[in-house]
Structures are given as structure tokens and as C-alpha cells.
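Notes follow once the structure below has been shown.
Note that ligands are numbered from 1 as they come in the structure, with each ligand's atoms numbered from 1 the same way. Given the structure is predicted, the values throughout are model-derived calculations rather than measurements.
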Amino acid sequence: MKIYIDGKFFGERDAKVSVFDHGLLYGDGVFEGIRAYHGRVFKLQEHIDRLYYSAKAILLTIPMTPAAMMRAVVETCRKNRIRDGYIRLVVTRGVGNLGLNPSNCKKPSVICIAGKIQVYPAETYERGVSIVTVATTRNLVSALNPAIKSLNYLNNILAKIEANNAGAEDGILLNAEGFVAECTVQNIFIVKNIKLFTPPLSAGALYGITRETVIELAEQGGWPVSEPNLTRYDLYCADECFATGTGAEIMPITKIDGRVIGTGKPGKVTRNLMERYHALTKTSGEPI
Ligand code: PXG
């Protein structure tokens with residue numbers, strides 16, 4: 001595997017960052033998880049836009065243009081002969097001293113890794129997953145806004161540990177007010193009376209690219225989508241529920257906190273969206 005670091009490619013053994021990089025010392029940096037399907041990078045422009053907005057929000061100036069960043073991603077895929085895969089794009093604050101102050105870091109580092117993707121077995125999509133709400137609340141929007149896709153993922157990791165300990169396949173984070181925010185690395189949707197609902201970003205959700213794609217697909221299909229605050233009651237009483245993310249795509253959720261959702265099987269609307277999402281991955285994206 002060839003890994004891109006600051007304009008050069010390195011073998012796996014030589015692809016290293018400094019122990020003084022503030023990405024490591026403080027989780028000071030931003031990232032993206034992107035997928036390639038059939039020799040195309042899916043939603044590349046959207047991921048690059050989000051990366052630059054995340055960087056802007058933490059006052060990190062990425063030392064290359066968005067166009068050059070897109071070329072670096074495509075080039076990394078080419079060098080690794082990726083047609084279907086997972087791409088991890090990381091921008092760290094760069095090397096500084098042991099102090100917190102980011103102004104000691106002279107140059108952010110850009111890293112791109114393109115490899116194989118570990119997909120969920122088809123059986124998981126056919127039965128749907130069983131998940132739980134966790135006690136760890138989502139980071140406050142006023143403290144560390146979850147809209148920033150930063151290298152500091154401990155809030156999500158703590159939620160994942162709780163879900164693991166409960167024997168569930170993932171966790172749902174509520175915000176400090178008790179409204180639904182999102183799953184550990186996925187947004188959440190419910191379907192009720194042929195209408196779709198997903199939490200607003202102000203509830204502590206990431207501006208998910210799959211979320212946005214699903215909203216577009218739903219509207220094209222004639223199903224209205226709205227973004228009200230949702231409670232656990234709304235989840236429990238939904239007709240259908242699913243999670244969205246680059247890695248898992250559209251994942252049916254059939255059990256929450258031990259309660260069966262809808263019929264207990266992936267619903268009609270969910271299955272229709274899954275089908276149309278797959279069709280989209282076959283036909284669009286930046287050619288490698
Ligand atoms: N919420 C959070 C907190 C995320 O980290 C999403 C939602 C979904 O966003 P996209 O743009 O992918 O639709 C994410 C996605 C993975 C993985 O394995 C995904 C993320 C981070 C780490 C791993 O899919 N981010």
C-alpha cells in the first residue's frame with residue numbers, strides 16, 4: 001500500500017507522523033472517510049467541501065487548494081489500484097511543541113490512505129441491526145460542535161464502548177436535552193406515515209453526506225423529509241428506522257432498546273432507498 005503524506009508517497013512501514021504532531025498530542029485536526037465504487041470516488045466534491053469547512057471552523061489553513069486535494073485523493077487511489085475501497089483523508093495541525101498552542105505548529109500535514117473496505121455481510125442488511133441509546137450524551141454544540149469532523153472522536157468512542165458492553169450493534173447518542181442526535185458514526189432517520197424525519201444539525205448531528213443523499217432520494221421519490229427534534233418515543237413508535245453513513249450506506253435498524261421497530265424487518269421505504277442509493281453508487285463519482 002502506498003500512503004500519501006504531504007505530496008509524497010510512502011510504503012506502509014515508512015508512512016509515519018511525528019510524535020510532536022498535534023493531531024496525535026491533542027486530536028487537533030480534521031478528517032474524512034470516503035468511498036470508491038466501480039472506479040469512481042463517490043461524492044468527492046462534497047467530502048472535500050466538508051473537510052475545508054471543518055478546517056475553517058478550527059482555524060486550520062489547509063496548505064493546498066481543494067482542487068489539488070481532489071487530485072491527491074484520485075492519485076492515491078490510482079497508485080493503489082483501487083476501484084472499490086475506503087479512503088481516509090486526514091489533515092493534522094502539524095508538528096509543534098508539547099504546548100497546546102496551535103500557533104506553534106507551522107505546517108499542517110495532509111495524509112491520504114486508500115485501502116479495501118470491510119463491508120457488513122448482506123445478512124445484516126436483510127435483518128437490520130439492534131441498537132441501544134447510550135448514557136453518554138453528544139458533545140454540546142456550544143462546546144465542540146459535532147458538525148466539525150475533528151480528530152477528537154472520544155465522545156463517539158465512549159458511546160461505542162457502551163453499546164459494545166450492552167451487547168448491541170451500535171449506540172444512539174442523545175444530546176444533553178434528551179433529543180436524538182445520531183449514532184456513533186452514522187446519522188439516523190425514522191419513517192412514520194410515509195414521511196421521513198431526521199434530527200437537525202442543531203441537535204448534535206454531523207452534516208452527513210449520505211444523509212443529504214438520502215434526503216434527495218426521498219424527495220425525488222415523493223416522500224417529504226423534515227428535521228424536527230426527535231425523542232426516544234419517536235424512535236420507538238416509528239414505522240421504520242435506518243442509519244446512514246459512508247461506510248454502512250443505509251442500514252436498517254429493527255430493534256432499539258429491546259423494542260421492535262415497525263414489523264421488526266427492514267421496511268418498504270428503507271428498502272426502496274437502499275436500492276436507489278446502490279444505483280447511484282454505480283453511476284456517479286469522480287473517475288479514478
Ligand atoms: N455521524 C458521524 C459522527 C460520523 O462520523 C456520519 C455521521 C455519516 O456521515 P457521512 O458523510 O459518511 O454520511 C459520520 C461518518 C465509517 C466511519 O466507518 C464514518 C465516519 C467516521 C469514522 C468511520 O463509516 N464518519
Give a yes or no answer on whether the side chain of N156 reaches the backbone of T184 with a donor-acceptor pair at less than 3.5 Å. yes
Show me which atoms of ligand 1 lie under 4.0 Å from any heavy atom of R88. 22 (C), 23 (C)
K192 atom NZ, neighbour heavy-atom count above 12 within 6.0 Å: yes
Would you mind checking which non-hydrogen protein atom is closest to atom 9 (O) of ligand 1, with the distance to 0.1 Å? G208 CA, 3.6 Å
I'd like the name of whichever of K43, H47, K149 reaches closest to atom 21 (C) of ligand 1 through any heavy atom. K149
Between I209 and ligand 1, is there a nitrogen or oxygen pair with a distance under 3.5 Å? yes
Any N or O on T210 sitting closer than 3.5 Å to an N or O of ligand 1? yes
Under-4.0 Å heavy-atom contact with ligand 1, by part of Q186 that carries it: backbone
Check: K268 main-chain N/O paired with E240 side-chain donor or acceptor under 3.5 Å: yes
Ring-plane angle category for Y120 and Y125, please: parallel below 30°, perpendicular beyond 60°, tilted otherwise. perpendicular
Would you indicate which of E249, E32, E182, E46 comes nearest to atom 7 (C) of ligand 1 when only heavy atoms are counted? E182
What residue and heavy atom of the protein are closest to atom 12 (O) of ligand 1, and at what distance? T246 OG1, 2.5 Å
For ligand 1, which atoms, with element, lie under 4.0 Å from some heavy atom of G245? 8 (C), 12 (O), 13 (O)
Does any N or O in the side chain of R271 come within less than 3.5 Å of the main-chain N or O of P266, such that one atom is a donor and the other an acceptor? yes
For ligand 1, the portion of N156 having any non-hydrogen atom under 4.0 Å away: side chain
Could you walk me through whether R93 and D21 pass salt bridge (Lys or Arg N to Asp or Glu O under 4.0 Å), step by step? CA-CA 7 Å; R93 185 73 68 177; D21 192 310; over 6 Å; no
Can you tell which part of L206 has a heavy atom less than 4.0 Å from ligand 1: side chain, backbone, both or neither? side chain
Heavy atoms only: which of Y153, F31, Y86, Y207 is nearest to atom 17 (C) of ligand 1? Y86
Would you say the rings of Y53 and Y207 are close, in the sense that their centroids are separated by under 6.0 Å? no
Among all protein heavy atoms in this structure, tell me which lies nearest to atom 19 (C) of ligand 1, with the distance rounded to 0.1 Å. V185 CB, 3.8 Å
Please confirm whether R50 comes within less than 3.5 Å of ligand 1 when only nitrogen or oxygen atoms on both sides are compared. yes
Show your working on side-chain hydrogen bond (donor to acceptor under 3.5 Å, both in side chains) between N101 and S103 and close with a plain yes or no. CA-CA 5 Å; N101 196 342; S103 61; 2.8 Å; yes
Taking E212 first and then R50, would you say they form a salt bridge - that is, a charged N and a carboxylate O separated by under 4.0 Å? no
Show me which atoms of ligand 1 lie under 4.0 Å from any heavy atom of G247. 24 (O)
